[in-house]
Amino acid sequence: MSYTKDQVNVRKFDVVIVGAGGSGMRASLQLARAGLNVAVLSKVFPTRSHTVAAQGGVGASLGNMSEDNWHYHFYDTIKGSDWLGDQDAIEFMCQEAPKVVYELEHFGMPFDRNPDGTIYQRPFGGHTANYGEKPVQRACAAADRTGHAMLHTLYQQNVAAHTTFFVEWMALDLIRDADGDVVGVTAIEMETGDFYILHAKTVMLATGGAGRIFQASTNAFINTGDGLGMAARAGVPLQDMEFWQFHPTGVAGAGVLLTEGCRGEGAILRNSEGERFMERYAPTLKDLAPRDFVSRSMDQEIKEGRGCGPNKDYILLDMTHLGADTIHKRLPSVEEIGHNFANVDITKEPIPVVPTIHYQMGGIPTNINGQVVVPMGDDPNVPVRGLYAVGECSCVSVHGANRLGTNSLLDLLVFGKAAGNHIIANHSNGAFKPLPATAADYSLERLNRLESASDGEYAQHIANDIRNTMQQHAGVFRTQASMDEGVVKVAELRERVKGLGLKDHSRVFNMARQEALEVENLIEVAQATMTSAAARHECRGAHTVLDYERPADDPVAPLGRNDAEWMKHTLWLSEGNQLGYKPVRTQPLTVDTVPPKVRTF
Ligand SMILES: Cc1cc2nc3c(=O)[nH]c(=O)nc-3n(C[C@H](O)[C@H](O)[C@H](O)COP(=O)(O)OP(=O)(O)OC[C@H]3O[C@@H](n4cnc5c(N)ncnc54)[C@H](O)[C@@H]3O)c2cc1C
C-alpha cells in the first residue's frame, strides 16, 4: 500500500537532531538546558548508539599521571593526521579538551580514579610528551567501558533537561527550501510505519559512522551512514571519504574490537616467532604507534609469512604478563570478549587479532561551530543555513588522514557542545521558515518505489556485495588497479540499488523496509569512498597505495606522501559522481603552524 500525501504528519521543533550518540546528546543537552525545544531521533534506544561500545578512553591533557599539556596533544593529533587535519580545528579541540572532560565528570561520569582522587589516564597510540619523545598518559578512562559510562551520563542529563526523544525513528531525507536552506527532515516511526515531517529552524546530523560498508567491521549493525546518505542526496559534498581507519586489534574471525587500551595497559603484539615485531617498525612508541602504522606493520608481518595459526593469517595480542588483577580492574570487558568471541582466557594465553575496519575519518564538511559548509564561488567553506553536523558523520577536520585513539569521544564532546552554543547564539524566537509544498515528495517517492517493486532484489544481497567489494578494493594496502576496478564494481552496484525490492509491505516494525532504505545510504558512502580513493595518487595516513609507496627497505613508513600536490581535502558530490578539492587549513588559531615532516615513531 503506497504512502500518500494525506498520511503526512507534521511536528515542529526549534532544533531536530538526528542521532542520539555521544555527539547528538552532548549537543541536545546544551540546547535543552538553554530552553530550546529540541527533539532527538534515534533508530535505537539512545543508550544503544555505537558510542556505548567505545572502550579505551577520551583524550585530554589533564596531566594527572605524567607531564602533559594541550600543545603536545595538538602536535600529536596533527602528526597522527598525516598533515591532512585542519590545524585551527585541532587547536580548538585540544584546548577545549580538559574543560569538556571536567564538565563530563561533573555531569556524573564514573571515571576510574587515582589514589589522590584525580581521573585515571592510560597511555594510547600516538600520544606523546615533548613532541614525540616518549609516551604520555592522556586517555581518561572508565575501565574499558568509557563510551558506555559517557553515553549513560549524557542520556540521564538529557532526561533531566527535558530533551524530547523519538526512539526507534528513522530519518529519511533533509528538506531544503528554494533558497537552499534546510527547514526540516522526513522520518518514519518504525513501530507504526507512520510518515512524518519534522519541521525545524535547525537540523543537526549526528548519525555516526558508516563502518558497515565493509565486511569485517568493529561497528554496530546500525552504522550504515544514513546522515552521509541524506547529505549526499541533498547536494552536500562528502569530504575525505578515502580515509578509513583499520583498528589493529579486532578479534580474528569475529571483528569485535579489543581496545587499544589493552596495549595502553602494556599488551604486546607478537608474530609466529614470538617476536615483539613493533620494536623494529616503531622503535620509540613500539606497540603504541598510531593505528595506520601498526595495522600496516601487522599486515606486513602476515605477508612475509610470520602470521600465526594454521593459515598464518593473524597476529597474537599478548596480555598474559599484565596479571589477572590488572585485567579484572582495567580490562574486564576485554576479558569477556576473549571468552565469548575467541574462547580464549586472556589472563593465560594470547588472543588472535587482525586489523579490522573501525572508523571513518571523512564525512560531512563542517567548520568549528558544527555548521555544514559547501564550496560556493571562491569560498570553499560557505555555511548551509539551518544545517549542522557533529560526531563521526562530520568532518571538521580534526582527524585528517588518520585518527588518534580517544580523539573521537573528545570530538563528540567538544564539537557537540560548540555546535549547541552556536545554535543558541544565533537562535531567533521568530517564525519558522515555511515548508516547501514539495517537502515530503522526495521521501514519499523513495518509499513508494520500494512499495511497488515486489520482484526487485533483496536489500541484504546488495548490501553483502557492497561489503565484499569494499573489503576487497579498499583495504589496508591498496593498489591503483584494484581501486580502479572497485570504482567500476561500485557503479554497477549503484545500478542494482535502483532495482531494490520489498516483499514484506507491512507497516509495523518492518525491518526489511528499513534495510532497503539503509542500502540507499550505504551505496552513497561506498561510492564516495571508492571514487575518492582511486583519485588520490599518493599515500597518506590510512590511505596506503602500494604503487606510491617507498620500495623494499622500509615498507611501513610510506614515503609516497606527496604534499606538493595532495595536501588538500577531497570533496565528493553524489550527482555525477564528481570530485573537487579544497585546501587544508594549515593556520592554527593562536600558535604557529606545525610544518609537515616524515612520520616516524
Ligand atoms: C567498538 C568501538 C570502540 C571505540 N572506542 C573508542 C574509544 O575508546 N575512544 C574514542 O575516542 N573513540 C572510540 N570509538 C569511536 C567512537 O566511539 C565513535 O566514533 C563515536 O562514538 C561516534 O559517536 P556519534 O555520536 O558520532 O554516533 P553514534 O554513537 O554512532 O550514534 C549514532 C546515532 O545516530 C542514530 N541514527 C543513525 N541513523 C539514523 C537515522 N536514519 N534516523 C535516526 N537516527 C539515526 C543512531 O540510532 C544513533 O543514535 C570506538 C568505536 C567503536 C566502534
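Indexing begins at 1, ligand by ligand and atom by atom, following the structure's order.
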Short N/O distance, under 3.5 Å, between Ala20 and ligand 1? yes

Report yes if some N/O of Gly209 lies less than 3.5 Å from some N/O of ligand 1; otherwise report no. no

Quick check: Tyr359 and ligand 1, any N/O pair under 3.5 Å apart? no

Counting heavy atoms only, which of Ala210, Ser23, Cys393 comes nearest to atom 25 (O) of ligand 1? Ser23

Options His399, His358, Lys43, ranked by nearest heavy atom to atom 45 (C) of ligand 1, top entry: Lys43

Find all atoms of ligand 1 within a distance of less than 4.0 Å from any non-hydrogen atom belonging to Gly391, and give their numbers and elements. 26 (O)

Contacting atoms of ligand 1, where contact means under 4.0 angstrom from a heavy atom of Thr51: 20 (C), 21 (O), 22 (C), 23 (O), 24 (P), 25 (O), 28 (P), 29 (O)

Does the ring of Phe601 carry Lys79 above it, NZ/CZ under 6.0 angstrom from centre and within 45° of its axis? yes

Does Val58 come within less than 4.0 Å of ligand 1, judged by its heavy atoms? no

Within-shell test, Thr259 vs ligand 1, heavy atom, strictly < 4.0 Å: no

Any non-hydrogen atom of Gly405 lying under 4.0 Å from ligand 1? no

What protein heavy atom sits nearest atom 26 (O) of ligand 1, and how far off is it? Glu392 N, 2.9 Å

Quick test of your reading of the model: are Arg263 and Asp287 salt-bridged, counting only N-O distances below 4.0 Å? no

With heavy atoms of Ala206 as the reference, note each atom of ligand 1 found under 4.0 Å away. 32 (C), 33 (C), 34 (O)

With a 4.5 Å heavy-atom cut-off, do Asn158 and Val40 have their side chains touching? no

Please determine, by modelled atom types, if Thr207 and Asp226 share a side-chain donor-acceptor pair under 3.5 angstrom. no

Going by the atom numbers of ligand 1, which of them fall below 4.0 Å from some non-hydrogen atom of Thr406? 9 (N), 10 (C), 11 (O)

Start with the C-alpha gap between Tyr102 and Phe111, add the side-chain angles, then the distance that decides, and say whether ring-ring contact (aromatic ring centres under 6.0 Å, His included) holds. CA-CA 10 Å; Tyr102 285 133; Phe111 281 113; 8.9 Å; no

If you have a sec, work out which protein heavy atom is nearest atom 52 (C) of ligand 1 and how many Å separate them, to one decimal? His50 NE2, 2.6 Å

Between Arg330 and Tyr120, is NZ or CZ placed under 6.0 angstrom from the six-membered ring centre and within 45° of the ring axis? yes

Please list the nearest protein heavy atom to atom 49 (O) of ligand 1 with its residue and the distance rounded to 0.1 Å. Ser49 OG, 2.6 Å

Between Asn407 and Thr77, is there a side-chain donor-acceptor contact under 3.5 Å, judged purely by atom types and distance? yes

Using a strict 4.0 Å cut-off to heavy atoms of Asp226, name the atoms of ligand 1 that fall inside it. 38 (N), 39 (C), 40 (C), 41 (N)

As an exercise, identify every atom of ligand 1 less than 4.0 angstrom from a heavy atom of Thr218. 1 (C), 53 (C)

Looking at Asp112 and Ala142, would you say the former's side chain and the latter's main chain have a donor-acceptor pair under 3.5 Å? no

Does Ser42 reach the main-chain N or O of Val44 with its side chain, forming a donor-acceptor pair under 3.5 Å? yes

Please list the nearest protein heavy atom to atom 10 (C) of ligand 1 with its residue and the distance rounded to 0.1 Å. Leu409 CG, 3.4 Å

Donor on one side chain, acceptor on other, Asp144 and Thr259, under 3.5 Å: no

Among all protein heavy atoms, pick out the one at the shortest distance from atom 17 (O) of ligand 1; state its residue, atom name and that distance to 0.1 Å. Ala54 CB, 3.6 Å

4.5 Å side-chain heavy-atom contact, Gln471 and Phe214: yes

With no hydrogens and no angle check, do the side chains of Ser61 and His73 hold a donor and an acceptor under 3.5 Å apart? no

Tell me if a side-chain donor or acceptor on Ser394 pairs with a main-chain N or O of Val396 at a distance below 3.5 Å. no

Compute the minimum heavy-atom distance from Asn407 to ligand 1 and say whether it is under 4.0 Å. yes

Heavy atom of Arg403 under 4.0 Å from ligand 1? yes

Protein contact to atom 8 (O) of ligand 1 [nearest heavy atom, distance to 0.1 Å]: Gly56 N, 2.8 Å

Gly57: numbered ligand 1 atoms lying under 4.0 Å from its heavy atoms: 7 (C), 8 (O), 9 (N), 10 (C), 11 (O)

Between Asn402 and Gln245: side-chain donor-acceptor atoms closer than 3.5 Å: yes

I'd like to know whether ligand 1 has Gly22 as a neighbour, heavy-atom separation below 4.0 Å. yes

Side chain of Thr47, backbone of His152: donor and acceptor closer than 3.5 Å? no

Counting heavy atoms only, which part of Leu257 comes closer than 4.0 Å to ligand 1: side chain, backbone, both or neither? side chain

Numbering the atoms of ligand 1 from 1, which are under 4.0 Å from a heavy atom of Gln55? 5 (N), 8 (O)

